[in-house]
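A short worksheet on the structure shown next.
Keep in mind that this is a model prediction, so the values were computed, not measured. Each chain gets a letter, A, B and so on, in the order the sequences are listed, and its residues count up from 1.
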Amino acid sequence: MSYRHKIVSCLAAFFIVLFGLLLYLKKIDRDISNYNIYMQDIEDIKLLDYKLDSYFLHPYKLIDFDVTNKIEREILDKVTLLESKEFSELVSNNIKDVDKLKKLFEKKQFYFEDFKSINARLVNSLHYLFDLRKSLESKLVNHPYIKSSVDRVFFSFAKVLMNMDYDENNLHIELNKLKKIDNDKLLYYLIEHTKSFFEQLKQIHNIKDEAISLPIKKLLIHMEVSLQSSYQYSRYWQINIAIIFFIFAFLILIMLILSLKSLDKNTKQLQQAATVYENIEDGILIADINKKIISINNIFEDMFGYKKDELLNHTPLILEVDEKDKKLYYDMWQKDRAEDKWSEKLFIKTKNGNSVPIWLKIVVVRDKKGIVQNYIGIYINLSEVISTQKQMEYLAYHDSLTNLPNRAYLDEQLSKILDRVNKLNTQLAILFIDLDRFKIINDTLGHAVGDAMLIEVGNRIKNIITDNTLLARIGGDEFVVVITSKDVKKRAIILAEQLLSTIRKPIKAYSYRLNTTASIGIAIYPNHSRDKQELLKYADAAMYAAKDNGKDTFQFYTTKLSLDIKDRLNIEQELSKALDNNEFYLYYQPQYNIQSGKITAIEALIRWENNKLGFVSPDEFIEIAEETGLIISIGYYVIEEACSAYMRLLELGYRLDKISINVATIQFREDDFVQKVKDIFAKTGIEAKNVELEITERFLMEFSIQKMSIVEDLRSLGCHISIDDFGTGYSSMSYLKKLPLDTIKIDKSFIDEVPSNTHDVVVTKAIIALSKNLGYQVIAEGIENKEQEEFLKKNGCDRGQGYYFAKPMSEDDLIEFLKSKSSD
Amino acid sequence: MLLEFQIICWGSNKYKGCIICHNGINIGGNLYNKFGIYQDSNSTNLGRYNITHRNEDKYVFKVPSLRNISKTAPYMHDGRFQTLKESVLFMSKAQLGRSISSEEIDDIVEFLKTLDGELPNDRWIK
């Protein structure tokens, strides 16, 4: 039953009850007034009956019969009133009572009629006797005997009138006496009247007794009582029923309120449903039992570009569907099905002919009896879902910075590519690209610059490779390119060279113009490995090899590299124990005054000899030590050992100007570095002015100005500060000027080709000139032949160092060397 | 007014006997009484008895109204008397049980004649 029906029936019932209540109240009112009428009626009858009875009590009284007739008529009228239907409704056995009453009154009327007759006679006799007495008195003046008899007769009358007993026998005697007297007319009348009077007196008393003893009053009282009780009874029921009616009406009112509430709720729900229907993102189509469209929502219009009018009263088959889905769509709508819900994915064409991926869900609506009412088609547009899914996939498989595929994507694609490679029996190369010195740029210029650089590099790589070539960014500055070919090695070389040259071009990032290079490692499938992870590892190793080879180059993987990696791991392990095992020792390379050829200083160089690994070159382990942080304790060892060695030499009488000690950049991160150096100086007894601390040019780039205060502190101790490997980095001239420096050491790479290489010659000359102008000493390292020495000597270089003069040597050898030199 | 006056006269008349039965607004007509109380009336009609069949109702008749009595001869239920005189005499003797002089009769008859009113002619014609 619908809510509307419920409410209508509620209202109807409500009004019926109200109407019933109204009628009942009316009836109550009428009954009460009827009750009053009949009660009054009975009261009146009682009163009238009393009136009638009062006549009976005075038998000698002259009666106005009009009055008595009126009383009788009134009684009859009132009794007749009791016969009415309304009264019999009030009192159940009323008819019997009224009938009885009527009969009693009839009887009483008869009595009264008799009474009236006799009363008239009695009154007449009394009146006549009054006249008669007067006449007789005058007539019997002379007959005292008779007169006394007559008087006695009259006295009897007087007694009767005074309600006294009279002597009947005496009266008879007197009357007989008078009879015997001569036939006098007056006396005759007296006798006659007296006789008839007393006879009728008896009669009238009898009638009176009979009449009064009629149980009229009893009956009337009984009627009153029953009227009253029936009134009470019906009053009682009236109240009860009124209460019941009230409760009933109240209940209906509550029902009405409840159903109004639920109607309200229902309306709200309908509104909500309507809102959902019109605002849902899915197209909804409602069809009738014949599958004719009866409603579509707005989204449906938008989704397919049809207007409502174009679709209503058509079947859903009016929509165009992609060729391959035609049968499916037809079946979706037309095939009989046992279930009430089914759904499929298909492509439906819009009015414009575009195919839209749709998830079509058809729902059957049944009524309570299970009879089909409607079909609802829900057309869910999958375009967005698909694109979202694609985007999710994209995000999962791509690097958000460069939009290049990430490691996960690479892993996944690599497997697929490997499968294909296996099938086609071709080769595959992995080019592992890592930017050189990217970390420095990132740290010094900020991540924004670094990011911009990565994006640019990514784009450059992308421009070189073909669309089908897989490119991924798998780490901070690590890119991987995967190529396949029959002869992949050749292609890999070409590509690597292209990559190097494109990355080498200056990159503009923000206001900076950055020069960067890349190192590329290449591993080939299946030659180097058949496992993709291993291939990547090998390419990574080859990349490191390329870096070791001076960067800005590429390197194929070789088995040796794997071994190197193994070595590296071993070195790391052994290095951690090396200090404790006293495996380190120092070599010293003399530095001499190029002009005079006199040994002025020595550079302390660390050496490591391990039981397992044998002699390990500093080039191999210093980097690892830096990475692992071991360099700090090694550094202190070197400083202390070098200072001790200097003091030992001093004791032997070899007074050198300086001992030059290399300090790693990260050593300066130690907050108490200066204090520790001071402690070592105190411990060994060396004078600070005899110590020259060498810091690399990299230090200048990697350290902020603040850190320079450490250098200044060291210098104020008295130490000399020297810049190592000068010319390899990107030293700023302004820095150079500000720095608390004493010495600049020209990098070996410039000296190598001096004086044959004009470029190096120019650079070297410039460095020397610059240093001189700034007031710094200049040291040249890596002097290997006479020409070099000559060149430097000519150009005013202060100090020299190299194999040509002396190789690095042990302390003992140095002592020997010094001895031999001093003996020269 | 006339009627009231007459009744008063009637009431204060020395022949009070009449008014005992002939009373009320119609001067009679509101009572039943026996026809011939002190003297046998020789009636063939049993009167009220015919209806009630009570012994005491034998010869009981309705006391008639005396209105227009002079115009409604013959008198008594059986029309036995043609004149008022005869009727008054009979009433006196049989009903009241008293003697009456001819003067008294004349007085009464004269009085009775005053009870005449206009006859409702139309009713009679119909």
Practice task
Applying side-chain hydrogen bond (donor to acceptor under 3.5 Å, both in side chains), name anything that partners B:Ser70, two or more places apart in sequence or on another chain.
Solution key: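 Listed in chain order: B:Asp116.
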Exercise for the section: Specify which of B:Leu31, B:Ile37, B:Val63 makes the most heavy-atom pairs with chain A at under 4.5 Å. Expected result: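 Top count of heavy-atom pairs under 4.5 Å with chain A: B:Leu31.
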Exercise for the section: Can you check whether anything in residues 78-92 of chain B gets within less than 4.5 Å of chain A, heavy-atom wise, and list it by number? Expected result: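 If one takes a 4.5 Å heavy-atom cut-off, no residue of residues 78-92 of chain B lies near chain A.
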Handout entry: Part of residues 40-60 of chain B lying next to chain A, heavy-atom separation under 4.5 Å
Key =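 If one takes a 4.5 Å heavy-atom cut-off, the residues of residues 40-60 of chain B near chain A are B:Arg48, B:Thr52, B:Arg54, B:Glu56, B:Asp57.
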Which value, rounded to the nearest 0.5 Å, describes the distance between [X] atom [atom1] and [Y] atom [atom2]?
| X | Y | atom1 | atom2 | answer |
| --- | --- | --- | --- | --- |
| A:His193 | B:Leu96 | NE2 | CG | 7.5 Å |
| B:Arg98 | A:Leu132 | CZ | CG | 8.5 Å |
| B:His22 | A:Phe65 | NE2 | CZ | 11.0 Å |
| B:Tyr32 | A:Phe110 | OH | CZ | 9.0 Å |
| B:Lys34 | A:Ile118 | NZ | CD1 | 10.5 Å |

Handout entry: Shortest non-hydrogen contact between A:Ala120 and B:Asn33, atoms and distance
Key =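 Result for this residue pair: CB-ND2, 3.6 Å.
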Practice task
Provide the closest heavy-atom pair for B:Tyr38 versus A:Ser125 in the form atom of the first, atom of the second, distance.
Solution key: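 Heavy atoms only, the tightest pair is OH-OG, 2.8 Å.
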What do you reckon, is [atom1] of [X] surrounded by more than 12 foreign heavy atoms closer than 6.0 Å?
| X | atom1 | result |
| --- | --- | --- |
| B:Lys93 | NZ | no |
| A:Lys100 | NZ | no |
| A:Lys139 | NZ | yes |
| A:Lys46 | NZ | yes |

Handout entry: Contact origin within A:Leu186 toward chain B - heavy atom pairs under 4.5 Å
Key =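 For A:Leu186, no heavy atom lies under 4.5 Å from chain B.
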Handout entry: Distance-only polar pair, side chains of A:Tyr188 and B:Ser99, donor-acceptor under 3.5 Å
Key = no
Practice task
Would you list the pairs meeting side-chain hydrogen bond (donor to acceptor under 3.5 Å, both in side chains) in which at least one residue belongs to residues 54-66 of chain A, sequence neighbours left out?
Solution key: A:Asp66-B:Asn30
